[in-house]
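A short worksheet on the structure shown next.
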Amino acid sequence: MTWSEMQPLLEQACTETLVMVGWSTLIAVVGGLPLGILLVLTDKGGLLQNTVVNKVIGQIVNIGRSLPFIILMVALMNFTRWVTGTTIGSEAAIVPLAIGGIPFFARLVETAVREVDHGLVEAVQAMGGNTWTIVRKVLVPEALPSLIASTTTTVIALIGYSAMAGTVGGGGLGDLAVRYGYQRFETGLMWITVAILAVVISLIQFAGDFAARALHRRGARSGPGPKLRLLKSEEPATAEVGKVA
């Protein structure tokens with residue numbers, strides 16, 4: 001197969017992979033972020049301590065993470081058909097990719113949020129901050145570099161899942177490698193898809209590491225921003241009380 005014959009196939013496969021991974025990452029982040037935070041808040045000693053809720057969420061996440069992606073795709077075929085109207089193609093592959101990515105990302109979020117200095121949480125609590133304020137101004141901002149790294153890890157994992165989805169007609173680079181590289185013995189095309197995947201993963205890892213380091217350095221320079229903002233917001237009220245006295 002000549003390069004002129006490979007090029008349109010590779011372009012279409014790359015587009016399908018980007019669409020699959022992009023949408024599934026977005027859904028995984030939107031679904032996994034609150035789940036991961038809830039796992040921390042409802043744990044023993046958490047702001048919303050609730051053993052039952054914590055164990056239920058934990059079990060759901062554990063089951064989702066324990067299923068191999070191929071089995072998950074097969075198990076979700078009826079649901080995928082109900083959502084997209086088909087079980088073949090990149091659009092259908094987004095459903096199991098997203099569902100598989102949510103528990104994966106949730107555990108990474110849980111680990112990132114647990115690393116936040118508990119002293120900051122106690123300081124905001126002492127100033128009268130509620131749970132939503134603590135989540136919005138302390139937990140998420142302080143864990144942001146780790147959350148960026150977690151998102152990078154999730155994207156790379158979903159790229160691997162998307163290649164696996166190609167073995168069952170999911171589209172993308174995995175499907176191209178199987179149909180042409182394996183079934184038609186076009187080894188040259190197969191190795192090109194492997195090289196493209198390697199380059200894409202390396203670029204994503206580099207970009208994620210760069211963003212995480214930049215946020216970490218900025219946070220180190222600015223100091224405990226959430227605590228300072230809350231202190232500033234409390235100062236006018238304290239001053240008014242002093243005047244009245």
Side-chain angles (χ1 to χ4, degrees), residues 1-32 61 63-108 149-209:
M1 182 178 286
T2 64
W3 173 250
S4 59
E5 294 173 323
M6 293 182 187
Q7 187 174 359
L9 295 173
L10 289 169
E11 289 177 355
Q12 181 181 355
C14 288
T15 301
E16 290 175 350
T17 297
L18 289 175
V19 170
M20 285 191 293
V21 174
W23 278 106
S24 57
T25 299
L26 178 62
I27 297 170
V29 170
V30 172
V61 170
I63 292 171
R65 290 184 63 198
S66 65
L67 289 175
F69 183 69
I70 288 290
I71 296 176
L72 182 66
M73 286 191 68
V74 174
L76 292 174
M77 275 189 175
N78 290 333
F79 179 71
T80 301
R81 186 181 290 109
W82 178 72
V83 173
T84 64
T86 182
T87 57
I88 298 174
S90 57
E91 184 179 346
I94 292 172
V95 176
L97 282 171
I99 293 176
I102 288 173
F104 182 86
F105 185 68
R107 281 300 183 193
L108 296 177
S150 299
T151 304
T152 304
T153 302
T154 303
V155 171
I156 292 172
L158 289 175
I159 290 174
Y161 290 166
S162 71
M164 203 181 302
T167 62
V168 290
L173 290 169
D175 180 59
L176 183 65
V178 170
R179 284 192 295 115
Y180 286 87
Y182 177 72
Q183 295 177 351
R184 302 186 186 184
F185 303 103
E186 294 287 348
T187 54
L189 181 60
M190 183 178 68
W191 283 112
I192 289 174
T193 60
V194 171
I196 291 173
L197 287 170
V199 170
V200 169
I201 288 173
S202 298
L203 290 175
I204 291 172
Q205 187 67 62
F206 174 79
D209 291 345

_Partners meeting side chain to side chain contact (heavy atoms under 4.5 Å, CB included) with L189 (sequence neighbours left out)_ = M1, M6, L10, L176, Y180, E186

Let me have the donor-acceptor pairs involving side chains of residues 21-29, under 3.5 Å, with sequence neighbours excluded, atom names and distances please.
residue : atom : partner : partner atom : Å
S24     : OG   : M20     : O            : 2.6
S24     : OG   : V21     : O            : 3.1
T25     : OG1  : V21     : O            : 2.6

Donor-acceptor list for residues 69-81 side chains, cut-off 3.5 Å, not counting sequence neighbours:
residue : atom : partner : partner atom : Å
N78     : OD1  : R81     : NH1          : 3.3
T80     : OG1  : L76     : O            : 2.8

Atom pairs and distances, donor-acceptor, side-chain atoms in residues 11-18, under 3.5 Å, two or more places apart:
residue : atom : partner : partner atom : Å
E11     : OE2  : Q7      : NE2          : 3.2
Q12     : NE2  : E16     : OE2          : 3.3
T15     : OG1  : E11     : O            : 2.9
E16     : OE1  : G172    : N            : 2.7
T17     : OG1  : A13     : O            : 3.0
T17     : OG1  : L173    : N            : 3.0

*In Å and rounded to the nearest 0.5 Å, what is the OG1 to CD distance from T86 to E91?*
8.0 Å

*Qualifying side chain to side chain donor-acceptor pair (under 3.5 Å) pairs with a residue from residues 149-165, counting only residues at least two apart or across chains*: none

*From the options V155, V199, D209, select the one residue that forms a side chain to side chain contact (heavy atoms under 4.5 Å, CB included) with I204.*
V155

Report all side-chain donor-acceptor pairs from residues 98-108 shorter than 3.5 Å, counting only partners two or more places apart or in another chain.
residue : atom : partner : partner atom : Å
R107    : NH1  : E110    : OE1          : 2.6
R107    : NH2  : G58     : O            : 3.4
R107    : NH2  : N62     : OD1          : 2.8

